[in-house]
**Student:** 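A single structure is presented below for examination.
Everything numeric here is computed off the predicted structure, so don't read it as measured data.
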Amino acid sequence: MNKIYIIPTPIGNLEDITFRAITTLKNVDCILAEDTRKSKKLLNHYNISTKIISYHQHNEHQKLMKIIENIKSGINYAIISDAGTPSISDPGFLLVRECVKNDILVETLPGPTALIPALVNSGLASDRFVFEGFLPKKKIDRERILLEISKNEKTTILYESPKRLIKLLKELLEFCGGDREIMVARELTKKFEEHVGNNINNVIEFFKDKEIIGEITIVIKGIKKRDFNPNKSIIKKDLNYLIDAGLSLSAASKYLAKKNGLKKSEVYNLI
């Protein structure tokens, strides 16, 4: 049967891999890896000698259809990322989508991903949450999502690099206010795992003069509906975004007034 295996790999501690994952990686014909150098450390640790080739965001478009053809011809593949579950902020989505289009069975094994332990450890509501991954770099897209987070009643989870953590915390300060409760998880499952929580002001104070290393997961508390106080400077940014996207001033004002519990004239006058 034509099939591809999606294999989660440890996010830090090499012991966080299932017996089934190890068996599958040993039995497939070829492993697609985001970074073959990093993946070989894991494979060597478990005496896995399966052929491994690179498959990452810079070459996945070129290699995609050849892999599909190979699977149809009977070659069994597994895909792994540097850490965690492929296609969750890692390569894999394009391949899975193309497999579905070509009636190729996709078998995804359960396993490590940073967002779940970070969410559970935070102590914030975990029954309903939103995962945004890495925020986009383009300012207008980034601010749109930050605005959504500022109004969201659900817990929000973000990924960030250590070099950009302070910048993101300052953006969250601007959009959510310094009292918003958050938890920053760093180096999950590793020796120096760290969870820094309280509110945005305190977390910025904690990290501001430190050298930050390791992958970062941020968990942000949702608002209570009655606690939401519209920030007119942010609404103005939203208004300009909608107008730039092609909406008329009247239509954009009407939409934002309804969304924020304001009169249309109040939003209209912000321009």
**Student:** Give every donor-acceptor pair under 3.5 Å between a side-chain atom in residues 104-116 and any protein atom, sequence neighbours left out.
**Tutor:**
from, atom 1, to, atom 2, distance (Å)
Glu107, OE1, Lys3, NZ, 2.6
Glu107, OE2, Arg20, NH2, 2.6

**Student:** Can you name the residues that form a side-chain hydrogen bond (donor to acceptor under 3.5 Å, both in side chains) with Asn121, not counting sequence neighbours?
**Tutor:**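 By the side-chain hydrogen bond (donor to acceptor under 3.5 Å, both in side chains) rule, Asn121 matches His195.
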**Student:** Is Ile11 isolated, or which residues cluster with it under the ILVMFWY side-chain rule of less than 4.5 Å, directly or via members?
**Tutor:**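 Ile11 clusters with Leu188.
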**Student:** By salt bridge (Lys or Arg N to Asp or Glu O under 4.0 Å), which residues pair with Glu60, not counting sequence neighbours?
**Tutor:**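 If we apply the salt bridge (Lys or Arg N to Asp or Glu O under 4.0 Å) test to Glu60, skipping adjacent residues, there are no hits.
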**Student:** Going by salt bridge (charged side-chain N to carboxylate O under 4.0 Å, His left out), name the pairs with one or both residues in residues 141-150, residues two or more places apart or in two chains.
**Tutor:**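 Of all non-adjacent pairs touching residues 141-150, those that pass salt bridge (charged side-chain N to carboxylate O under 4.0 Å, His left out) are Arg142-Glu160, Arg142-Glu171, Glu143-Lys237, Arg144-Glu148.
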**Student:** What residues, two or more places apart in sequence or in another chain, satisfy ring pair (Phe, Tyr, Trp, His ring centres under 6.0 Å) together with His61?
**Tutor:**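 Scan of His61 (ring pair (Phe, Tyr, Trp, His ring centres under 6.0 Å), adjacent residues dropped) gives none.
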**Student:** By ring pair (Phe, Tyr, Trp, His ring centres under 6.0 Å), which residues pair with His45, not counting sequence neighbours?
**Tutor:**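 Residues passing ring pair (Phe, Tyr, Trp, His ring centres under 6.0 Å) with His45: none at all.
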**Student:** For Ser81, check side-chain hydrogen bond (donor to acceptor under 3.5 Å, both in side chains) against everything at least two apart and list the hits.
**Tutor:**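 Partners of Ser81 under the side-chain hydrogen bond (donor to acceptor under 3.5 Å, both in side chains) test: Asp90.
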**Student:** Kindly write out the residues that satisfy ring pair (Phe, Tyr, Trp, His ring centres under 6.0 Å) with Tyr159, not counting sequence neighbours, or none if the list is empty.
**Tutor:**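 So Tyr159 forms a ring pair (Phe, Tyr, Trp, His ring centres under 6.0 Å) with Phe131, Phe134.
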**Student:** Please collect all side chain to side chain donor-acceptor pair (under 3.5 Å) contacts where either partner lies in residues 203-218, sequence neighbours excluded, each pair once.
**Tutor:**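 Qualifying pairs: Glu205-Lys208.
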**Student:** Passes side chain to side chain contact (heavy atoms under 4.5 Å, CB included), Ile79 versus Tyr5? Steps please.
**Tutor:** CA-CA 6 Å; Ile79 180 171; Tyr5 297 90; over 6 Å; no
**Student:** Report the residues that fulfil salt bridge (Lys or Arg N to Asp or Glu O under 4.0 Å) with Lys26, sequence neighbours left out, ordered by chain and then residue number.
**Tutor:**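 Not a single residue meets the salt bridge (Lys or Arg N to Asp or Glu O under 4.0 Å) criterion with Lys26.
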**Student:** Enumerate the residue pairs fulfilling salt bridge (charged side-chain N to carboxylate O under 4.0 Å, His left out) with a member in residues 29-50, sequence neighbours excluded, ordered by first and then second residue.
**Tutor:**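 As it turns out, the salt bridge (charged side-chain N to carboxylate O under 4.0 Å, His left out) pairs with a partner in residues 29-50, which skip direct neighbours, are Asp35-Arg37, Lys38-Asp82.
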**Student:** Would you say the side-chain atoms of Arg180 pair up with the backbone N or O of Lys221, donor to acceptor, closer than 3.5 Å?
**Tutor:**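 It does hold such a pair.
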